[in-house]
Student: 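Below are the C-alpha cells for one structure; questions will follow.
Below, each value reflects all heavy atoms present in this structure, side chains not excepted, and no hydrogens, waters or symmetry copies.
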Amino acid sequence: DGTTIFAARVLQSGMMAGLTSPARPWFMLTTPDPDLAEFGSVKEWLHKVTQRMRDLFAKSNLYNALPTIYGELGVFGTGAILALEDAKDVLRFYPQTIGSYWLAESARGEVDTLYRQRRYTVRQLVQEFGLDRVSPKVRDQFARGNYEATVDVLHVVEPNDERIAGRMDAAGMAIRSCYWEQACDDFSEPLSERGYRESPILAPRWALIGGDVYGSSPGMDALGDGKALQFQQRRKAVAIDKMIDPPLTGPSALKNQRVSLLPGDVTYVDINSESARLRSIYDVRLEPSMLLEDTATIQERVNTAFYADLFLMLAMSDRRQITAREIEERHEEKLLMLGPVLERLNDELLDPLIDRTFATMLRAGLIPPAPRELEGVDLKVEYVSILAQAQKMVALGAIDRLAMFAGTVAQITQQPVDKVDWDQAIDEYGQALGVSPRVIVPDDKVTETRAARAQQQQAQQVAAMAQPMAQAASAAKAMSETKVGGGSALDAVLAGASGGAA
C-alpha cells in the first residue's frame with residue numbers, strides 16, 4: 001500500500017510550493033520601523049536587495065536542495081543543508097541525508113555543530129583539495145588512472161573555540177571546518193582546514209520533544225498506521241488467493257491419480273463414493289466492503305498525519321458541495337495545526353538562510369550602498385509565501401470587516417470616517433498579500449503629491465474668487481469712461497431710471 005509514500009510526497013511538494021516556491025516571491029526585506037520602510041529611498045533599496053537575493057537563489061541549486069529537506073523533515077523530523085560559498089554561484093547548497101551526519105546543539109538550543117560522512121571519488125577528491133593534500137594511497141590511485149575509486153571523507157563544522165581575534169584566516173573565523181580521509185591510518189594530515197564567518201549549517205527540525213537534538217515527524221506519527229496498511233494488504237491478498245485457489249482435501253484414492261483444477265478439464269472419480277471428491281479444507285468468506293472501509297479509515301489517518309488533506313483540500317473534497325467560505329474556514333483550521341511548524345522552520349531554516357545569503361553577497365560586493373537613513377538599523381525579513389499569507393488572512397479579514405463597517409457609518413452620518421488611517425490600512429493589506437513595494441507609493445511621495453494637489457486646488461480657488469472681482473473692476477472702469485450727455489446711451493439709461501423713479 002503506497003498511501004504513506006504518496007502522502008509524504010504530497011507534504012514535500014506542498015511545503016515547497018507553500019513556503020519557498022521559485023515561481024513567486026516568498027520573502028522580502030523590511031525594517032522594524034514601518035514608517036522607515038515606507039520612506040522612498042529606503043523602500044527602493046530594500047526592493048532592489050530583495051530582488052538580487054531572489055535572483056541568486058534562482059541561479060544557485062537552492063530550489064533543488066529544499067525539496068529534499070522538506071521530504072526528510074516530513075519522514076524523519078530532521079533535515080540538514082550546508083550553505084557553502086562558491087566561486088561560480090556565490091552560494092551552493094549541499095543537502096544531507098539522514099544517517100550520514102550527526103548534530104549537536106549549543107546551550108541556547110541552536111544547532112551549531114555538524115559532523116558528516118561523505119564518499120568522494122578519487123577524481124572528486126583531487127579536484128576539491130588538490131593532489132598535494134590527499135594521502136599517498138589516493139595519489140597512487142590517481143596516477144594509475146583509477147579515478148572512480150571511492151574514498152570516505154569526514155567533515156566537521158563546529159564553533160571555533162580557539163579563535164584568534166584579529167586573524168583573517170581560518171584561525172580567526174567564528175566557525176571552523178576540517179576535512180580528513182577516514183580510513184587512512186598512516187596519514188593523519190587533514191585534507192583542509194577552513195573557516196566561516198557565520199555558520200553554514202541549516203538544520204531545521206519538525207518538532208522537538210524535551211531536550212532532543214533530532215526532531216519528531218509526521219512520518220513517526222503515521223508509522224503504526226503505515227505498518228497496519230502493509231499488514232492488512234498482505235492479509236487481504238492471502239484471503240483473496242485462498243478464495244480463488246483454496247487448500248483442498250480429498251480421499252487417498254486420488255493420491256496416485258491425475259487431478260486437474262483447470263477450467264473445463266475432467267477428473268474421473270468413483271461416483272458411488274461420496275467422499276471421493278475434492279473439498280476446501282475451510283471456507284474463506286471475504287467481505288470486500290468491510291475491508292475497503294477499514295483500509296480507507298487507516299489511509300485517511302495517514303493523510304491527516306502528513307497534512308495531505310490540507311495541501312490537497314480541493315482534490316479530496318466534492319467541489320459541487322463545498323463553498324468558498326467553507327474552504328476558507330478549513331484553511332484557517334488546518335493552518336492552526338501547521339502554525340508551530342512554520343514558526344520553527346522560519347527560525348531554523350529560512351532566517352539563517354537569508355542571513356547567510358545577505359552576508360555572503362555583502363562580502364562579494366553584490367549589495368548596493370544603503371541609504372543613510374538605514375545607518376545602524378537592523379533589517380527584518382517578512383515572509384510572503386502562500387502559507388505565510390494564509391496565516392495573515394485573519395488580519396486581512398479584520399481589515400475588510402473594518403472597512404465595511406466604516407463605509408456603513410459614513411453612509412449613516414454622511415461624514416467621512418476620519419477615525420481610520422486608510423493609508424496604513426492599504427500598506428498593511430498590500431504587505432500581507434505580498435504585493436511588490438513598487439506598486440504602493442511610499443509615504444513621502446504621497447505627502448508630496450497631496451501637498452502639490454492641495455496647492456493646485458488652492459490656486460484654483462484663488463483664481464475662481466478673483467474672477468468676479470476682476471469682472472466688477474472691469475465694469476466699473478467701463479462705466480467711468482462712458483460719456484454722458486449729448487444723447488448718449490448712458491444718458492438715456494439715466495433718464496429712464498429717473499423717469500421710473502418719478
Side-chain angles (χ1 to χ4, degrees), residues 2-27 53-54 57-58 60-84 91-101 103 111 114 116 200-208 212-223 226 302-313 315-316 331 334-335 337-357 381 383-391:
T3 301
T4 307
I5 296 176
F6 300 148
R9 190 180 303 167
V10 169
L11 175 63
Q12 176 185 21
S13 302
M15 296 293 288
M16 182 64 192
L19 281 180
T20 52
S21 172
R24 53 159 295 143
W26 54 271
F27 77 96
M53 294 179 70
R54 291 172 184 166
F57 288 152
S60 70
N61 68 326
L62 175 66
Y63 294 120
N64 293 329
L66 285 177
T68 303
I69 296 307
Y70 291 138
E72 300 235 335
L73 275 173
V75 177
F76 303 108
T78 305
I81 299 181
L82 284 178
L84 304 182
L91 272 178
R92 190 152 186 88
F93 302 91
Y94 298 88
Q96 311 299 309
T97 188
I98 197 75
S100 67
Y101 61 86
L103 300 177
V111 174
L114 183 144
R116 65 170 178 147
I201 303 172
L202 310 176
R205 281 80 57 88
W206 186 273
L208 289 180
D212 291 347
V213 177
Y214 301 92
S216 59
S217 68
M220 298 176 185
D221 298 335
L223 183 60
V302 171
N303 287 324
T304 301
F306 279 98
Y307 299 92
D309 52 345
L310 167 62
F311 295 114
L312 296 179
M313 182 175 296
M316 300 177 68
H331 262 296
K334 296 299 180 183
L335 286 170
M337 303 298 295
L338 204 56
V341 178
L342 300 182
E343 294 298 330
R344 178 172 290 279
L345 290 181
N346 288 346
D347 292 339
E348 297 184 346
L349 175 63
L350 302 183
D351 286 349
L353 171 63
I354 300 297
D355 292 343
R356 171 73 167 155
T357 303
V381 182
Y383 295 106
V384 292
S385 63
I386 294 176
L387 290 178
Q389 288 183 24
Q391 287 185 302

Student: What distance do Arg356 atom CZ and Leu84 atom CG have between them, rounded to the nearest 0.5 Å?
Tutor: 7.0 Å
Student: Check whether any side-chain heavy atom of Val381 lies under 4.5 Å from a side-chain heavy atom of Leu350, and answer yes or no.
Tutor: no
Student: Could you tell me whether the side chain of Arg24 and the main chain of Ala17 form a donor-acceptor pair under 3.5 Å?
Tutor: no
Student: Hey, what do you get for CG (Asp212) to OG1 (Thr78), rounding to the nearest 0.5 Å?
Tutor: 9.0 Å
Student: With a 4.5 Å limit on heavy-atom distance, are the side chains of Leu66 and Ile81 in contact?
Tutor: yes
Student: Between Val302 and Ala7, what is the shortest heavy-atom contact and its length?
Tutor: CG1-CB, 4.2 Å
Student: Could you tell me which non-hydrogen atom of Phe306 sits nearest to which non-hydrogen atom of Gly219, and how far apart they are?
Tutor: CZ-CA, 3.5 Å
Student: Heavy atoms only: give me the nearest Gly74-Ser217 pair and the separation to one decimal.
Tutor: O-CB, 3.5 Å
Student: At their closest point, which heavy atom of Ala83 faces which heavy atom of Leu202, and how far apart are they?
Tutor: CB-CD1, 4.4 Å
Student: Can you tell me how the ring of Tyr383 sits relative to the ring of Trp26, calling it parallel under 30°, perpendicular over 60° and tilted otherwise?
Tutor: parallel
Student: Drop me the distance from Ser21's OG to Tyr63's OH, to the nearest 0.5 angstrom.
Tutor: 8.0 Å
Student: Which distance, rounded to the nearest 0.5 Å, do you find between the CG of Leu353 and the CE of Met53?
Tutor: 7.5 Å
Student: Quick check against the 3.5 Å criterion: does Gln12 have a side-chain atom that pairs as donor or acceptor with the backbone of Pro67?
Tutor: yes
Student: Would you please name every residue forming a side chain to side chain contact (heavy atoms under 4.5 Å, CB included) with Ile5, sequence neighbours left out?
Tutor: Arg9
Student: Is there a side-chain contact (heavy atoms from CB on, under 4.5 Å) between Tyr70 and Leu349 once you walk through the steps?
Tutor: CA-CA 11 Å; Tyr70 291 138; Leu349 175 63; 4.0 Å; yes
Student: Quick one: do Val75 and Leu11 satisfy side-chain contact (heavy atoms from CB on, under 4.5 Å)? Show the steps, please.
Tutor: CA-CA 10 Å; Val75 177; Leu11 175 63; over 6 Å; no
Student: Measuring from atom OG of Ser216 to atom CZ of Arg205, what distance do you get when rounded to the nearest 0.5 angstrom?
Tutor: 10.5 Å
Student: Roughly how far, to the nearest 0.5 Å, is CG of Leu73 from CD1 of Ile98?
Tutor: 9.5 Å
Student: Between Ala203 and Leu103, which heavy-atom pair has the shortest distance, and what is it?
Tutor: CB-CD1, 4.1 Å
Student: Should Asp351 and Phe27 be marked as a side-chain contact (heavy atoms from CB on, under 4.5 Å) after you check the CA-CA gap, both sets of side-chain angles, and the distance that decides it?
Tutor: CA-CA 10 Å; Asp351 286 349; Phe27 77 96; over 6 Å; no
Student: If you take all heavy atoms of Ala80 and Ile69, which pair is closest and at what distance?
Tutor: O-CD1, 3.2 Å
Student: Please enumerate all residues that pass side-chain hydrogen bond (donor to acceptor under 3.5 Å, both in side chains) together with Asp355, with sequence neighbours excluded.
Tutor: none
Student: In chain order, what residues pass the side chain to side chain contact (heavy atoms under 4.5 Å, CB included) check against Ser60, with sequence neighbours excluded?
Tutor: Leu62, Asp89, Phe93
Student: Please examine the side chains of Trp206 and Pro218, heavy atoms only from C-beta on, and report whether any two atoms are closer than 4.5 Å.
Tutor: yes
